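The block underneath contains the structure these notes are about, expressed in structure tokens.
Keep in mind it's a predicted model, so treat the numbers as computed, not measured.
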Amino acid sequence: MEVSIRNVRKEFDNYPALHDVTLDIRSGELIALLGPSGSGKTTLLRLIAGLERPTEGAIFFGEDDASQKTVQERNVGFVFQHYALFRHMTVADNIGFGLKVRPGATRPAKAEIRRRASELLDLVQLSGLESRYPSQLSGGQRQRVALARALAIEPRVLLLDEPFGALDAQVRRELRRWLREIHDATGHTTVFVTHDQEEALELADRVVVMSQGKIEQVGSADDVYDRPNSPFVYGFIGDSSALPVRVENGEVWLEDRTAGLQAKDVPDGDATLYFRPHDIDLLDGCGGCIAGTLAASRRVAGTRRVELEVGGRAEKVEIEIPVDHPAATKSRLAFRPRKWAVYPKRG
């Protein structure tokens with residue numbers, strides 16, 4: 001099922017939560033809505049679900065304008081962060097609930113509901129637990145039941161709101177792989193909200209990066225990580241360092257010295273240089289580079305993260321070097337980014 005969001009605006013008490021958002025989601029695609037708190041990602045998910053109505057704009061399911069339709073009319077499956085399972089119902093009854101409450105004409109027979117629940121228990125790898133209650137399950141198991149319940153109604157669109165947010169890191173990683181396998185097996189159009197970059201980059205076919213009620217960038221994990229299109233995306237996705245610079249005739253300058261970097265498409269004037277801490281080359285010295293004084297050093301897994309004070313204003317940046325690299329003991333280091341982006345200073 002294709003979903004098309006066209007020029008959607010949403011206000012709450014005259015406060016704009018979404019500004020003119022347009023997004024096309026392909027049938028069978030797994031999309032991540034990624035952004036910090038307050039970026040509008042959950043509001044957008046609730047609009048797709050029908051839990052909220054747009055102030056302006058329209059939401060289409062295929063060719064059908066669903067903007068004013070109810071959740072039931074849209075036939076969406078919804079998985080919440082905190083499971084929202086019925087505590088007094090068994091696992092099987094929880095999974096079959098959406099089918100049991102359908103109007104008589106569309107409600108399957110009891111035997112069919114039991115068969116469907118059993119199939120889904122197999123799919124989510126919980127066979128044999130149909131008679132247990134939610135209190136007898138782990139957090140990861142409860143979330144699998146919540147997903148099975150959402151799938152039971154054969155939804156046109158599957159929506160997940162921070163589905164793994166209440167789980168510990170190890171369980172999150174396991175369920176991420178499992179959710180991707182489930183998606184590939186069922187082929188549902190799926191939209192999930194997360195503030196976890198690793199989760200979005202690992203799981204999604206495309207990532208929608210949001211900030212302050214707007215879409216900043218839409219693309220694959222490689223697109224948004226390797227080719228960020230704005231300072232916000234560069235700073236939000238992955239680790240990055242930022243340094244105030246000046247652009248003159250397509251060259252990047254740090255105060256009175258050239259950084260040895262090109263910025264051909266950036267207008268002359270003040271700008272900001274962005275680069276990834278791991279994406280640098282250490283230099284013994286140079287006529288065009290970035291140099292700084294060692295301010296701090298810490299071990300990060302298999303590497304060492306070094307903080308440098310650069311320039312007369314002692315701007316701080318981080319670079320990554322091998323744990324046993326002799327540069328870790330030096331008081332002054334020089335380097336040059338291998339990949340970088342320069343954005344003109346706003347305002």
Salt bridge (Lys or Arg N to Asp or Glu O under 4.0 Å) against E181, all qualifying residues, sequence neighbours excluded: none

Set of salt bridge (Lys or Arg N to Asp or Glu O under 4.0 Å) partners for D205, sequence neighbours left out: R180

Over all atoms of both residues, closest heavy-atom pair of [X] and [Y]:
X: G213; Y: V21; result: O-CG2, 3.6 Å
X: A271; Y: V342; result: CB-CG1, 3.7 Å
X: K69; Y: D65; result: CE-O, 4.1 Å
X: A58; Y: V8; result: O-CG2, 3.6 Å
X: T22; Y: N7; result: OG1-N, 2.9 Å
X: V310; Y: A291; result: CG1-O, 3.5 Å

Residues [X] and [Y]: side-chain donor-acceptor under 3.5 angstrom:
X: T194; Y: E199; value: yes
X: H188; Y: T190; value: no
X: Q170; Y: R173; value: yes
X: S220; Y: R206; value: no

Verdict with supporting geometry, D268 and N249, side-chain contact (heavy atoms from CB on, under 4.5 Å): CA-CA 6 Å; D268 286 0; N249 300 319; 3.9 Å; yes

Of all pairs that satisfy salt bridge (Lys or Arg N to Asp or Glu O under 4.0 Å), the ones with a partner from residues 210-225, not counting sequence neighbours: D223-R227

Within residues 49-63 or reaching into it, pairs that qualify as salt bridge (Lys or Arg N to Asp or Glu O under 4.0 Å) - sequence neighbours excluded: K10-E52, R46-E52

Step-by-step salt bridge (Lys or Arg N to Asp or Glu O under 4.0 Å) determination, K41 to D161: CA-CA 9 Å; K41 56 190 186 294; D161 188 6; over 6 Å; no

Audit row: V3, F60, side-chain contact (heavy atoms from CB on, under 4.5 Å) steps and yes/no: CA-CA 6 Å; V3 178; F60 287 82; over 6 Å; no

Lys/Arg N to Asp/Glu carboxylate O, D196 vs R172, below 4.0 Å: yes

Other residues, nucleotides, ligands: >12 heavy atoms within 6.0 Å of D184 CG: yes

Crowding at CZ, R87 (>12 non-hydrogen neighbours, <6.0 Å): no

CA sep, side-chain torsions, deciding dist, call: R246, E248, salt bridge (Lys or Arg N to Asp or Glu O under 4.0 Å): CA-CA 7 Å; R246 190 175 74 258; E248 289 184 11; 2.7 Å; yes

If you measure from [atom1] on [X] to [atom2] on [Y], what distance do you get to the nearest 0.5 Å?
X: I25; Y: F61; atom1: CD1; atom2: CZ; result: 8.5 Å
X: S240; Y: D279; atom1: OG; atom2: CG; result: 12.0 Å
X: T189; Y: E2; atom1: OG1; atom2: CD; result: 8.0 Å
X: L201; Y: R176; atom1: CG; atom2: CZ; result: 9.5 Å
X: I319; Y: S297; atom1: CD1; atom2: OG; result: 10.0 Å
X: S135; Y: H88; atom1: OG; atom2: NE2; result: 12.5 Å

Tell me whether [X] contacts the main-chain N or O of [Y] through its side chain, where contact means a donor paired with an acceptor under 3.5 Å.
X: E130; Y: G128; value: yes
X: S241; Y: E318; value: yes
X: H183; Y: G28; value: yes
X: R74; Y: S67; value: yes
X: T186; Y: I182; value: yes
X: R142; Y: L137; value: yes
X: R338; Y: H278; value: yes

For residues 91-99, tabulate all N or O donor-acceptor pairs below 3.5 Å that involve a side-chain atom, not counting sequence neighbours.
{"from": "D93", "atom 1": "OD1", "to": "K100", "atom 2": "NZ", "distance (Å)": "2.9"}
{"from": "D93", "atom 1": "OD2", "to": "T90", "atom 2": "OG1", "distance (Å)": "3.3"}
{"from": "N94", "atom 1": "OD1", "to": "F86", "atom 2": "N", "distance (Å)": "2.8"}
{"from": "N94", "atom 1": "ND2", "to": "F86", "atom 2": "O", "distance (Å)": "3.0"}
{"from": "N94", "atom 1": "ND2", "to": "M89", "atom 2": "O", "distance (Å)": "3.2"}
{"from": "N94", "atom 1": "ND2", "to": "T90", "atom 2": "O", "distance (Å)": "3.2"}

Sequence-distant partners of [X], side chain to side chain donor-acceptor pair (under 3.5 Å), two or more places apart:
X: Q212; answer: none
X: E309; answer: none
X: R116; answer: none
X: E154; answer: none

Step-by-step salt bridge (Lys or Arg N to Asp or Glu O under 4.0 Å) determination, R107 to E112: CA-CA 10 Å; R107 186 189 309 138; E112 174 60 19; over 6 Å; no

Stepwise side-chain contact (heavy atoms from CB on, under 4.5 Å) check, V76 with L158: CA-CA 6 Å; V76 297; L158 181 63; over 6 Å; no

Verdict with reasoning, F335 to D281, per side-chain contact (heavy atoms from CB on, under 4.5 Å): CA-CA 5 Å; F335 69 94; D281 290 318; over 6 Å; no

Candidate pair R9 and T55, rule side chain to side chain donor-acceptor pair (under 3.5 Å), full reasoning: CA-CA 6 Å; R9 178 181 178 84; T55 305; over 6 Å; no

Face-on cation placement of R276 at Y225 ring, 6.0 Å and 45° thresholds: yes

Residues clustering with Y343 (ILVMFWY side chains joined when closer than 4.5 Å, directly or via others): Y234, Y274

Cluster companions of Y133 among Ile, Leu, Val, Met, Phe, Trp, Tyr (side-chain spacing under 4.5 Å): none

E251: partners by side chain to side chain contact (heavy atoms under 4.5 Å, CB included), with sequence neighbours left out: W253, T258, Q262

